[in-house]
Amino acid sequence: MSRCIQLAKLGEGNVAPNPMVGAVLLCNDRIIGEGYHQKYGAAHAEVNCVDSVKEPDKKLIEKSSLYVSLEPCSHFRKTPPCVDLIIKNKIRNVIIGCIDVYKEVAGKGVQKLGEAGIDVTTGILEKECIDLNKRFFTFHQKFRPHIILKWAESGNGKIAGRLSGKRIHISNEYSNRLVHKWRSEEAAILVGTNTAMQDDPLLTTRLWAGKNPVRIVIDKKLVLQPGSKICNSEAKTIIYNCIKDLIVENLVYINLDNENFLEQMLNSLFEMNIQSVLVEGGAKTLQTFIDRNCWDEARIITNEGIFIKDGVSAPVLKNYFVEKKEQYFTDVTRYYKPL
């Protein structure tokens with residue numbers, strides 16, 4: 001199952017909104033085939049696994065055990081059901097990491113395999129398999145995107161400040177590259193009005209090889225200028241506001257009521273099949289997500305060697321635990337999860 005997870009990660013960034021899945025065929029303690037879901041709309045892990053078996057070993061398929069990190073699908077979409085492939089190849093045993101939460105599967109795959117007389121085992125490295133597709137699970141269980149909060153702060157807890165009229169850069173170059181890697185792993189990235197205006201960010205992955213996320217701006221009164229960098233053609237930009245609906249090339253304006261704005265926005269993102277959002281600022285926007293208990297991870301970079309006298313105070317997390325800590329030169333990055 002560890003090998004299944006390892007294989008599944010090779011599809012990261014290419015299979016969403018589908019989950020990452022890896023599969024291994026084992027016969028007499030020897031791997032005869034393995035595969036993973038490589039691209040959205042293309043063959044699933046189980047298909048690639050069976051297809052990878054070399055001709056001399058094909059006769060061993062029906063004597064093999066299939067390990068797969070996620071419950072095999074049982075419905076027709078872009079590809080045929082994987083359970084039908086398993087049944088057709090007379091595979092005797094199927095060992096599954098975790099059950100799929102998508103309503104079209106959700107136990108139906110296991111049921112169909114069992115009805116075909118196949119021995120099915122579930123829950124092997126279950127926690128690790130769920131964590132592999134944490135965005136997918138959040139999306140289908142909470143009916144909203146997986147929310148990751150991110151900010152950098154000084155040693156005295158400030159996230160922004162200026163020196164001689166110039167913006168103070170808190171995190172180092174290594175951390176900046178790491179943040180761009182994080183951006184490449186998520187479907188969308190979000191900032192509030194003040195951050196978009198004061199920092200004029202691009203919110204792209206220019207420091208890391210990967211796809212640009214969809215850019216999201218909360219701009220209720222539409223004060224952001226169309227000439228801002230975040231409105232350029234490098235990526236799609238969604239501007240949530242309280243004034244108008246409009247689509248102009250890569251710019252999408254979506255009008256929401258001021259009341260329950262956050263919930264409406266998350267519902268809108270869910271309907272657009274956006275499974276994850278990296279919230280990068282500013283302090284007020286981040287604190288809103290925290291206060292509404294609407295976050296799944298937080299990643300805070302602290303440069304303990306910088307102190308900002310008159311800066312903007314960092315958001316305050318509530319009800320959390322520290323999952324891990326990393327240090328890269330001047331910066332300490334802590335990863336948090338809600339209790």
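For the side chain to side chain contact (heavy atoms under 4.5 Å, CB included) with Y240, the lone residue among I254, L262, V252, N255 that qualifies is I254. Results of the side chain to side chain contact (heavy atoms under 4.5 Å, CB included) test with I86 over V120, L66, I61 single out L66 as the only residue that passes.
Nearest heavy atoms, V110 versus T122: CG2-CG2, 4.2 Å. Of all heavy-atom pairs spanning V53 and K58, the tightest one is O-NZ, 3.1 Å. P17 and N273 get closest at one heavy-atom pair: CG-ND2, 3.1 Å. Taking both residues in full, the closest heavy atoms of P315 and I290 are given as CB-CD1, 3.9 Å, listed atom of the first, atom of the second, then distance. The shortest heavy-atom contact between P145 and L266 is CD-O, 3.9 Å. Among all heavy-atom pairs drawn from I159 and A283, the shortest one is CD1-CB, 3.6 Å.
With respect to the salt-bridge test (charged N to carboxylate O, under 4.0 angstrom), the residues E185 and K181 qualify. The pair R92-E62 does not meet the salt-bridge criterion, since no charged nitrogen lies less than 4.0 angstrom from a carboxylate oxygen. Ion pair R334/E326 not flagged as a salt bridge, since none of the NZ, NE, NH1 or NH2 atoms sits closer than 4.0 Å to an Asp/Glu carboxylate oxygen. A salt bridge links D57 with R30: the closest approach of a Lys/Arg side-chain nitrogen to an acidic carboxylate oxygen falls below 4.0 angstrom. Between K108 and D100, none of the side-chain N atoms (NZ, or NE/NH1/NH2) sits under 4.0 Å from a carboxylate O, so this pair counts as no salt bridge. Looking at D296 and R135, no side-chain N of the basic residue comes within less than 4.0 Å of a carboxylate O on the acidic one, giving no salt bridge.
Within 6.0 Å of atom CZ in R206, more than 12 heavy atoms from other residues, nucleotides or ligands are found, so the atom counts as buried in its surroundings. For L339, the CG atom sits in a packed shell: over 12 heavy atoms of surrounding residues, nucleotides or ligands are nearer than 6.0 Å.
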* For side chain to side chain contact (heavy atoms under 4.5 Å, CB included), just list the numbers for L203 and V191, CA-CA rounded to whole Å, side-chain angles, deciding distance to a tenth of an Å, and then say yes or no. => CA-CA 9 Å; L203 300 185; V191 295; 3.9 Å; yes
* To do: Show the numbers, then the answer: is there a side chain to side chain contact (heavy atoms under 4.5 Å, CB included) between Q275 and E186?
  => CA-CA 8 Å; Q275 289 192 358; E186 309 310 329; over 6 Å; no
* Candidate pair D291 and T288, rule side-chain hydrogen bond (donor to acceptor under 3.5 Å, both in side chains), full reasoning -> CA-CA 5 Å; D291 292 344; T288 298; 6.0 Å; no
* Asked: Can you check side chain to side chain contact (heavy atoms under 4.5 Å, CB included) on E280 and L278, steps first, answer last?
  -> CA-CA 6 Å; E280 283 207 15; L278 179 65; 3.6 Å; yes
* To do: List the steps, then state whether side chain to side chain contact (heavy atoms under 4.5 Å, CB included) holds for S64 with I32.
  => CA-CA 9 Å; S64 300; I32 65 169; 3.4 Å; yes
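Geometrically, R183 does not engage W208 in a cation-pi contact defined by less than 6.0 Å to the ring centre and at most 45° from the axis. A cation-pi arrangement is absent between K158 and F307 under the rule of less than 6.0 angstrom and at most 45 degrees off the ring axis.
Residues I218 and L224 do not share a hydrophobic cluster, defined by chaining ILVMFWY side chains whose heavy atoms lie under 4.5 Å apart. Residues F289 and I216 are members of one and the same hydrophobic cluster, defined by side-chain heavy-atom contacts under 4.5 angstrom among Ile, Leu, Val, Met, Phe, Trp and Tyr.
Between the side chains of N258 and K220, at least one donor-acceptor pair of N or O atoms lies under 3.5 Å. For the residue pair S171 / D331, no side-chain donor-acceptor distance below 3.5 Å is found, with atom types taken as modelled. Defined by atom type and a distance below 3.5 Å, a donor-acceptor pair is present between the side-chain atoms of E153 and W151.
Aromatic ring centroids of Y336 and F321 lie 6.0 Å or more apart.
Side chain of S52 to backbone of C49: a donor-acceptor contact under 3.5 angstrom is found. Formation of a donor-acceptor pair under 3.5 Å by the E126 side chain with backbone atoms of C98 is not found in this model. The backbone N or O of I239 sits less than 3.5 Å from a side-chain atom of N241, completing a donor-acceptor pair. The main-chain N or O of S276 is never found under 3.5 Å from a side-chain atom of H146 such that the two would form a donor-acceptor pair. Distance alone, capped at 3.5 Å, is enough to place a donor-acceptor pair between the N303 side chain and the I170 backbone. A donor-acceptor distance shorter than 3.5 angstrom exists from the side chain of Q327 to the backbone of F329, with no hydrogens or angles considered. A donor-acceptor pair is defined here as one N or O able to donate and one able to accept, closer than 3.5 Å; such a pair exists between the side chain of N267 and the backbone of E263. Between the S69 side chain and the C129 main chain, no donor and acceptor come within less than 3.5 Å of each other. In this structure a side-chain-to-backbone donor-acceptor pair under 3.5 Å is missing from E34 to C4. D51 places no side-chain N or O within 3.5 Å of a backbone atom of E46 that could act as its donor or acceptor partner.
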Side-chain donor-acceptor pairs of residues 227-234 under 3.5 Å, sequence neighbours excluded:
unit_1	atom_1	unit_2	atom_2	d
S228	OG	Q225	O	2.8
N232	OD1	R215	NH1	3.0
N232	OD1	R215	NH2	3.0
N232	OD1	E234	N	3.1
N232	ND2	K229	O	3.1
N232	ND2	E234	OE2	3.3

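Apart from V24 itself, the hydrophobic cluster it occupies contains M1, I5, L7, L10, V15, M20, L26, I31, Y36, Y67, I95, I124, L125, L132, where clustering links Ile, Leu, Val, Met, Phe, Trp and Tyr at side-chain heavy-atom distances under 4.5 Å.
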